[in-house]
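First the structure, in the form of structure tokens, and then the observations on it.
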Amino acid sequence: MDPMSKRIHLAALPYPGRGHINALMNLCKLLSLKNPNILISFIVTDEWFTFLAADPKPQNIHFATFPNVIPSELRRADDFPGFIRSIQTHMEAPVETLLRRLDPPPTAILADTFLTWAVQLGKCLNVPVASLWPMSATVFSILYHFDLLEENGHFPADLSERGEEIVDYFPGVSKIRLADLPSFFSGNGLQSVGFAVKSARFVDKSQFLISTSVYELESSVIDTLKEKFPFPVYTIGPSTPYFELESSATNDYLRWLDSQAEGSVLYVSQGSYLSVSSAQMDEIVAGVKASGVRFLWVARGDDDRFKDVDRETGMVVGWCDQLRVLCHRAIGGFWTHGGWNSTLEGVFAGVPMLAWPIFWDQFPNSKKIAEDWKVGVRFKAVGGRDLVSRVEIAEFVKRFMNSESIEGREMRNRVSELQEICRRAVAKGGSSDSNIDAFLSHISVEL
Ligand code: UDP
């Protein structure tokens, strides 16, 4: 029987954070493009619904909401451990009630890996659960094999003394310094590591692992995961809205970009919910301004620092269509916090990256950008330890944006190569494209 002729009803359960929601929504859009017959219920809190309701989406994806049982998006940055606790304890019951009320009932669940209880829920409802891991496969492997760190005496560890020590025992993961592992050695990271490790281990109980990575970009680690699990492991990335780029769009910042020279603008975005210290931010803003490089800056509620910016120096926005911006010919560099979606978007757009990680997986992602893939650079003195001065930042930005230097040319050639790999993965018959087809067939067969 043709799998496309069956009615799949997928309940999509995102972890309530911007990067996670975007990745899941983009995958849902891809699934619905592939199979217009699919029905998808995208399950979010009432608060998230207000953020997302206006975004365009296909008709066969609809929102189903439950009350705000978890702290607001703002509180996530202030109290990350508390936020995680409420995800673990307050979210399951209202989501279960909602799933039981869905009509028709869901035939499969696609849940963020951080929602560990979703696996049990799938069992109760007698439907398969696909676990969506919206970070790198490398980080998944590190968390899944976290015991190895303890067995080798590398956890806990004081990074100020041992940060340079090399770890080479995570299956499929290239050599990595302790300082480049996710930031679980202190602070909020330390408080949340148990939750993250448990989440990765819970994947054992699911029926699929879906990674937003691109197979060719992390093949050695993905191969080890495929060997490890008795169920399919599908890479479908990048899970970003590249399929919407064809539609035309215009607005003030895109028009401003249209008027800039090719490759001349630095795009600055430090992620959706965390920031560096205020003193460091002062240095960053002053340093980028002093570099003389024009910029498009996503500054969330930070208007005071940019009062003197005019259209000759740059443009400041509260939010933008990031992938579209990155793909604009005027963008010559991307200052990123190294979130996984942003990292892959930079690669997909073929834009070299300047990474300044702030938290969690942004450290290993930045290492990947600078050392494994060599598609960018990163500041060395990061991690909240030293204040990097505006003078140093201005010099660094100037060097980074110079596309004529040997280093600049190599970085740009390399990112173009990886861009090509990414584009091939999502093109018809590519690794990500085929995996999406395979996943759809699987969940149809389960019907
Ligand atoms: N993003 C966006 N517009 C902005 C800033 C960010 O569309 O002005 C998107 C970005 O394209 C990415 C997501 O928000 O898909 C952020 O996810 P990421 O994993 O990079 O970082 P997080 O914010 O989760 O740390």
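Both ligands and their constituent atoms are indexed starting at 1 by order of listing. Every heavy atom of this structure was used, including side-chain atoms; hydrogens, water molecules and symmetry mates were not.
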Point to revise | Ser342 N/O under 3.5 Å from ligand 1 N/O | key: yes

**Study point:** Closest candidate by heavy atom, reference atom 2 (C) of ligand 1, pool Trp360, Trp319, Phe359, Tyr253
**Key:** Trp319

Check your understanding: Would you say Cys320 touches ligand 1, if touching means a heavy atom closer than 4.0 Å?
Key -> yes

Study note, to complete from the structure: If you compare Gln270, Glu345, Met135, Arg300 by their heavy atoms, the one closest to atom 11 (O) of ligand 1 turns out to be Glu345

Review point. Parallel, tilted or perpendicular: which describes the rings of Trp297 and Phe295, with under 30° parallel and over 60° perpendicular?
Key: perpendicular

Exercise for review: Considering the heavy atoms of Gly339, write down every atom of ligand 1 situated less than 4.0 Å from one of them.
Suggested key: 18 (P), 19 (O), 20 (O), 21 (O)

Check your understanding: Is any NZ, NE, NH1 or NH2 atom of the basic residue among Arg378 and Asp180 found under 4.0 Å from an Asp or Glu carboxylate oxygen of the other?
Key -> yes

Exercise for review: Answer yes or no for Lys226 and Tyr215: cation-pi contact, defined as NZ/CZ to six-membered ring centre under 6.0 Å and angle to ring axis within 45°.
Suggested key: yes

Exercise for review: Please confirm whether Lys205 makes a cation-pi placement over Phe202, using NZ or CZ under 6.0 Å from the six-membered ring centre and within 45° of the ring normal.
Suggested key: yes

Check your understanding: With a cut-off of 4.0 Å, which atoms of ligand 1 are near a heavy atom of Gly19?
Key -> 17 (O), 24 (O)

Practice item. Write down the atom of Gly338, the atom of Asn365, and the distance for their closest heavy-atom approach. Key: O-ND2, 2.8 Å

Exercise for review: Over 60° means perpendicular and under 30° means parallel, so classify the ring planes of Trp335 and Trp356, tilted if in between.
Suggested key: parallel

Check your understanding: Between Lys29 and Glu244, is there a side-chain N and carboxylate O pair less than 4.0 Å apart?
Key -> yes

Point to revise | Which of the ligand 1 atoms, numbered from 1, are nearer than 4.0 Å to a heavy atom of Trp340 | key: 19 (O)

Practice item. Kindly state whether the ring of Phe51 and the ring of Trp48 have centres lying under 6.0 angstrom apart. Key: yes

**Study point:** Element-labelled atoms of ligand 1 that are located less than 4.0 Å from some non-hydrogen atom of Gly271
**Key:** 23 (O)

Study note, to complete from the structure: Nearest heavy-atom contact between Ser192 and Asn188 is OG-O, 2.8 Å

Practice item. Compute the minimum heavy-atom distance from Thr240 to ligand 1 and say whether it is under 4.0 Å. Key: no

Revision key, fill the gap. Within the 4.0 Å heavy-atom cut-off, what Asn341 brings close to ligand 1 is both

Review point. Ligand 1 and Ser269, any nitrogen or oxygen pair closer than 3.5 angstrom?
Key: no

Check your understanding: ligand 1 and Arg18, any nitrogen or oxygen pair closer than 3.5 angstrom?
Key -> no

Review point. Taking only heavy atoms of Asn22, which atoms of ligand 1 are found under 4.0 Å from at least one of them?
Key: 9 (C), 13 (C), 14 (O), 15 (O)

